[in-house]
A.B. asks: 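Just passing along the structure, written as structure tokens.
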Amino acid sequence: MINVRTPGIYSTVQDSGRKGYRKIGVPVSGAMDAFAANLANQLLQNHEDAAVIEVTFGGCILEFLCDTFLCITGADFSPKLNEVPIKLNSVQKVMKGMVLSFGKRNYGVRTYIGVSGGIQTERFLNSRSFYKGITPHFTLKRGMILPIGSLEKQLHQSLAVVKVKQPHFSSEKISCFKGPEFGLLSHEQILLLQDTVFTISSDNSRMGYQLNETIPNTFDSMLTSGVLPGTVQLTPSGKLIVLMRDCQVTGGYPRVLQLSENAINILAQKTTGDRLRFLVQ
Amino acid sequence: MLKKPTYTLFGERTILIAWEALISEAIIKDITQFEQLVQSEKSEVIEDSVIGYNSLLLIYKKAPDAAEIASLKTLYKRRTTSVDVENFLWKIPVCYDIKFGVDLEELAKGLQLTPEEVIQKHSNAIYHVYFIGFLPGFLYLGGLEKGLHFPRKATPRLAVSKGAVAIGGSQTGIYPQQSAGGWNIIGSTPISLFDISKEAPCFAKSGDKIQFVPIGLSEYASIMAQKGAYEVTKTLLHD
């Protein structure tokens, strides 16, 4: 079990998401950077659906109440076990009583904490991903006790570290496909969409990122239709919203672009003021 | 005759099927029937689906191959003969008392009706459930009579209570959980539109119908006291 000493700014439990419930209006959720969450599970030899802790902007302090192995992936917030720095993307042995904390942010926005067998909080609609209205809590709280999987496999603490390519954190290129309403865009609008260096506004969350720069919008409204994580909507004010993992299942704004799965993961590691360019395929 | 839907790839793993851009009960029935058929025939490859007024998203577990759209078109031709979807009429109790219906008087005044007339019109109609979106258990309903169409509030409330029954533009709906919202609140239902503890958290589905049944404060309190054990009245619909 893990005792949450300090939850940090925004920390949640996430797995691969809630599949099959969009018809009753339930968002998919799941780790924002699914690549990083998968990597932690792979290194720990966990099931791919095992739950991890997603920590946004660090600040989180966890005490382990049993022995386990852990693996930190995603953003680098200078993780430490009992004040001793540990490497990212590697398996670390943890003894009962040890404390995991974070320090300075070096790159990225979201870090993932995987443990042997995964976080075992209760499943709701076949998923442990926190979401308001579905799970009893939607962020970690001080004093919360998180059950974890039992230590079945003895892993070797590896000195080797898996290298994650830096463009995952530094690239401004966001690869995407044409969205269903792309065809309604004028030539000028398409050029703006492709050539503008957009910046992420302070209005960004697990639901979606609003961008600061605008594209003049002359579209008529459309009938509400399905949207996906990674859908880029053009709002009446000309602002673009990139929907992220907790996005609602339907929307009424034109869907001009659709991010690739990999691009969603790259965007998940960006925050307010960071730059991006859409690379339309 | 409905126009044939169109099929396009939407991102890596999703096929968007679009019908004519109309809000129509015939179209939503066609979508619902096709969705049921696809789910029964392709459940191994499909992860999820989303119904809209004139659209259906099919989200695949893996990127579908080039022949998938042709396979869906063939399946579409079989829909009407092979699928029988059971749809229900649900009677949802609503207390329109001023205690809950905080915008009822202002809305009635704006529509040049009495609050009683608003309640009567709102609860007389039978609404069609098009699909569920916005929030878990939020029903997109068709059938609000023109005389009750009323603009959304200029400034949305930060917190509309769970169960609030409201009118926004040409739509009416129920807030399944507390959320921000700009619609005019005319009442409240004591039942849960989304109950995570139940096997089917949302009782209604696309293609069902609902009717609002006015109740008083004491009945509201008595249903609330049953804490989710209250059964919503339902009737099977026949074509």
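It should be emphasised that the depicted structure is a prediction, and the values quoted were computed from it without experimental measurement. Every chain is numbered from 1 and lettered A, B, ... according to where its sequence line falls, protein lines coming before strand lines.
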A.B. asks: Can you tell me which of A/Gln248, A/Lys19, A/Arg22 forms the most heavy-atom pairs within a distance under 4.5 Å of chain B?
C.D. replies: A/Arg22
A.B. asks: State, yes or no, whether a side-chain contact exists between A/Thr250 and B/Tyr140 at a heavy-atom distance under 4.5 Å.
C.D. replies: yes
A.B. asks: Which region of B/Leu135, side chain (C-beta onward) or backbone (N, CA, C, O), has a non-hydrogen atom less than 4.5 Å from a non-hydrogen atom of chain A, or is it both or neither?
C.D. replies: backbone
A.B. asks: What's the separation between atom OG in A/Ser225 and atom CH2 in B/Trp19, rounded to the nearest 0.5 Å?
C.D. replies: 10.5 Å
A.B. asks: At a heavy-atom separation under 4.5 Å, does B/Glu12 approach chain A through its side chain, its backbone, both, or neither?
C.D. replies: both
A.B. asks: Among all residues two or more places apart in sequence or in another chain, which pass the ring-ring contact (aromatic ring centres under 6.0 Å, His included) test with A/Tyr112?
C.D. replies: none
A.B. asks: Can you say whether A/Thr135 sits under 4.5 Å from chain B via the side chain, the backbone, both, or neither, judging by heavy atoms?
C.D. replies: neither
A.B. asks: Mark yes when over 12 heavy atoms from residues, nucleotides or ligands other than A/Gln281 sit less than 6.0 Å from its CD; otherwise mark no.
C.D. replies: yes
A.B. asks: In terms of heavy-atom pairs under 4.5 Å, which option from A/Pro180, A/Cys247, A/Gly133 contacts chain B the most?
C.D. replies: A/Pro180
A.B. asks: Write down the atom of B/Ile132, the atom of A/Gly25, and the distance for their closest heavy-atom approach.
C.D. replies: CG2-N, 3.7 Å
A.B. asks: Show the nearest heavy-atom pair for residues A/Ile24 and B/Cys202, with the distance to one decimal.
C.D. replies: CG2-CB, 3.8 Å
A.B. asks: Once you round to the nearest 0.5 Å, how far does CD of A/Glu181 lie from CG of B/Leu16?
C.D. replies: 7.5 Å
A.B. asks: Taking non-hydrogen atoms and a cut-off under 4.5 angstrom, which of residues 49-63 of chain B neighbour chain A?
C.D. replies: B/Ser49, B/Val50, B/Ile51, B/Gly52, B/Tyr53, B/Asn54, B/Ser55, B/Leu57, B/Ile59
A.B. asks: Would you mind reporting whether B/Arg13 and A/Leu228 have side-chain heavy atoms less than 4.5 Å apart?
C.D. replies: no
A.B. asks: Is the NZ atom of B/Lys209 crowded by more than 12 outside heavy atoms at less than 6.0 Å?
C.D. replies: yes
A.B. asks: Verify the neighbour count for atom NZ of B/Lys91: are there more than 12 heavy atoms of other residues, nucleotides or ligands below 6.0 Å?
C.D. replies: no
A.B. asks: Is the number of heavy atoms from other residues, nucleotides or ligands under 6.0 Å of A/Tyr253 OH greater than 12?
C.D. replies: no
A.B. asks: Just verifying a value: how many Å separate A/Lys23 NZ and B/Asp48 CG, rounded to the nearest 0.5 Å?
C.D. replies: 8.0 Å
A.B. asks: Who are the side-chain hydrogen bond (donor to acceptor under 3.5 Å, both in side chains) partners of A/Arg142, not counting sequence neighbours?
C.D. replies: none
A.B. asks: Contact part of B/Thr14 toward chain A, heavy-atom cut-off under 4.5 Å: side chain, backbone, both or neither?
C.D. replies: side chain
A.B. asks: Please classify the contact between A/Val227 and chain B as side chain, backbone, both or neither, with a heavy-atom cut-off of under 4.5 Å.
C.D. replies: backbone
A.B. asks: Kindly write out the residues that satisfy side-chain hydrogen bond (donor to acceptor under 3.5 Å, both in side chains) with A/Asp203, not counting sequence neighbours, or none if the list is empty.
C.D. replies: none
A.B. asks: So, for B/Ala21 and A/Leu223, which heavy atoms are closest and what is the spacing to 0.1 Å?
C.D. replies: C-CD1, 3.6 Å
A.B. asks: Considering only heavy atoms, which portion of B/Glu35 lies under 4.5 Å from any heavy atom of chain A: side chain, backbone, both, or neither?
C.D. replies: side chain
A.B. asks: Write down the atom of A/Gly226, the atom of B/Phe10, and the distance for their closest heavy-atom approach.
C.D. replies: O-CE2, 4.0 Å
A.B. asks: Are there more than 12 heavy atoms of other residues, nucleotides or ligands under 6.0 Å from atom NZ of B/Lys3?
C.D. replies: no
A.B. asks: Is atom CG of B/Leu158 surrounded by more than 12 heavy atoms (other residues, nucleotides or ligands) closer than 6.0 Å?
C.D. replies: no
A.B. asks: Tell me, out of B/Tyr130, B/Phe194, B/Phe138, who's got the most heavy-atom pairs with chain A below 4.5 Å.
C.D. replies: B/Phe194
